[in-house]
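Just so you know, these numbers use all the heavy atoms, side chains as well, and skip hydrogens, waters and symmetry mates. Residue numbers count from 1 along this sequence.
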Amino acid sequence: MDNQFNQQPNTGPEQQGNDSRQGYYQQGNPYQQGNATQQSTYYQQGNTYQQGNYSQQGNPYQQGNYTPHGNAYQQSNLYQQGDPYGGNGYGNYSGGSFEPQKAPNIFQQFAFSFVPTLYERLTKVKVGSMIGFVTLLVLVATLLSFASVMVSFSSIDMGEIASKLPEFALEDGRLYMEEDFLFDEGNVFVYMTEGIDSFSYEDADEIADEGYQNVMLVGRDRLSLMQNGEYQQLDFSDLGDSFALSREWIATKMAPFIMVIIIVLYTVFFLWRILWYFLCAAVYLLFAMLIASVMNKRVPAEALFRTAVYAKVLMFVVATVFDLIPLVDLSVPFLFRVVITTVFMGFAIAKLPDNRPTPAPMTMGQGWR
């Protein structure tokens, strides 16, 4: 019995399955059944990178980000659609490419200045080219005027003039002459005398009222001159004691001396005309800004200044031509010049493109978010 009992299987806790046999390790502990690593870990089941992470499923760069679909530069950026300079008149727009127009040369500037519809091209002229154009324009006008004076002066025979003058001498700050001299021909009146100290503005104006345009009155101490209503006077004492003038000097040496004086005066006159041209253009710029404001147009100040510079060409040329016409005393009134130039600028500004920025067009599916 005892042996049989001993031969029967032991069903005690040690034989049935202790904690080591039936228990945690035999039935299936977390390591046998499948722990988090054996069953399906985060990396075995499919983590973000295995299942389809941001980069595998399709991030903005794979699914269709801003750049592949068409960003602002691929779809149609400001320079491809037409920016204020690429599509509104300040440049050529051809097939979506920006091709700036070539600025006109000096000769084209002169021709375009008479056509307001072409002032858009003139607004592209560089500062140096514009200054060169004005300088050349004033130089040509000054040379034409100088040539006209030289032609008239060359026809004057100083010896013949001196022969008509009385014997006189101007030295030691006063006039010496034996007898009075009077010249009255056409619109010229000349009177010289040692017996009167000096003449006044009233004396010259009284003679000019009789129809004379050129009046010269020479006294012992002063020369009074009135030309076309403008009065000037010279006191001989201001010339100094070393200054001397006589009839013989006029006949032999006055012509070259006058030539030098004329050249110097025209050089100064040329420089002054350039400065005066740009000063007047700066004043016309104010009128141009007012015109653009009335038209509700935004035009750069540089373009408006160039408009003023080239709008002055018309009346400048007209005034120059009138000055060159011989035997004709014509002049363009100042107010008339202002009106014509301002009207000319108005037509030119009306044709200039508006510089307001063009808003980017809205495409399908775009909107505020």
Got a donor-acceptor contact below 3.5 angstrom from the [X] side chain to the [Y] backbone?
X: Q109; Y: P104; value: yes
X: S129; Y: V125; value: no
X: D354; Y: R298; value: yes
X: T307; Y: A303; value: yes
X: S293; Y: M289; value: no

Could I get the full list of ring-ring contact (aromatic ring centres under 6.0 Å, His included) partners for [X], not counting sequence neighbours?
X: F112; answer: none
X: F146; answer: Y266
X: F133; answer: Y310
X: Y277; answer: F316

Look up atom [atom1] in [X] and atom [atom2] in [Y], then write down how far apart they are to the nearest 0.5 Å.
X: T135; Y: I106; atom1: OG1; atom2: CD1; value: 9.0 Å
X: I349; Y: T123; atom1: CD1; atom2: OG1; value: 11.5 Å
X: N187; Y: Q227; atom1: CG; atom2: CD; value: 10.5 Å
X: I131; Y: L136; atom1: CD1; atom2: CG; value: 13.5 Å
X: I196; Y: D203; atom1: CD1; atom2: CG; value: 8.0 Å

hydrophobic_cluster_shared for [Y] and [X], side chain cutoff 4.5 Å:
X: V332; Y: V339; result: no
X: L234; Y: V218; result: yes
X: F181; Y: F199; result: no

Quiz item: Does the side-chain contact (heavy atoms from CB on, under 4.5 Å) test come out yes or no for V188 and V190, once each step is laid out?
Solution: CA-CA 7 Å; V188 179; V190 179; 4.1 Å; yes
Quiz item: Among all residues two or more places apart in sequence or in another chain, which pass the side-chain hydrogen bond (donor to acceptor under 3.5 Å, both in side chains) test with S198?
Solution: none
Could you report the tightest heavy-atom contact between [X] and [Y], atom names first, then the distance?
X: K351; Y: P116; answer: CB-O, 4.3 Å
X: Y284; Y: V338; answer: OH-CA, 3.3 Å
X: M216; Y: L225; answer: CB-CD1, 3.9 Å
X: V309; Y: A281; answer: CG2-CB, 3.7 Å
X: T342; Y: I291; answer: O-CD1, 3.8 Å
X: S148; Y: L324; answer: CB-CD2, 4.2 Å

Practice problem: Give me the other members of the hydrophobic cluster that W276 sits in, counting Ile, Leu, Val, Met, Phe, Trp and Tyr linked by side-chain heavy atoms under 4.5 Å, directly or via other members. | Solution: W272, L275, L279
Self-check item: Pairing residues for R337 by the salt bridge (charged side-chain N to carboxylate O under 4.0 Å, His left out) criterion, not counting sequence neighbours
Solution: none
Quiz prompt | Sequence-distant partners of E206, salt bridge (charged side-chain N to carboxylate O under 4.0 Å, His left out), two or more places apart | solution = none
Quiz item: Tell me, which pairs form a ring-ring contact (aromatic ring centres under 6.0 Å, His included) where one or both residues lie in residues 223-247, sequence neighbours left out?
Solution: Y201-Y231
Quiz prompt | Pairs meeting criterion salt bridge (charged side-chain N to carboxylate O under 4.0 Å, His left out) with involvement of residues 217-235, two or more places apart | solution = D197-R220, R222-D235
Quiz prompt | Inter- and intrachain pairs under salt bridge (charged side-chain N to carboxylate O under 4.0 Å, His left out), touching residues 174-193, at least two apart | solution = R174-E194
Quiz prompt | Pairing residues for M259 by the side-chain contact (heavy atoms from CB on, under 4.5 Å) criterion, not counting sequence neighbours | solution = M150, F153, I263
Quiz item: Can M177 and E167 be said to form a side-chain contact (heavy atoms from CB on, under 4.5 Å), step by step?
Solution: CA-CA 6 Å; M177 58 185 314; E167 287 288 347; over 6 Å; no
Exercise. Could you walk me through whether M345 and I340 pass the side-chain contact (heavy atoms from CB on, under 4.5 Å) test, one step at a time?
Key: CA-CA 9 Å; M345 286 194 305; I340 296 300; over 6 Å; no
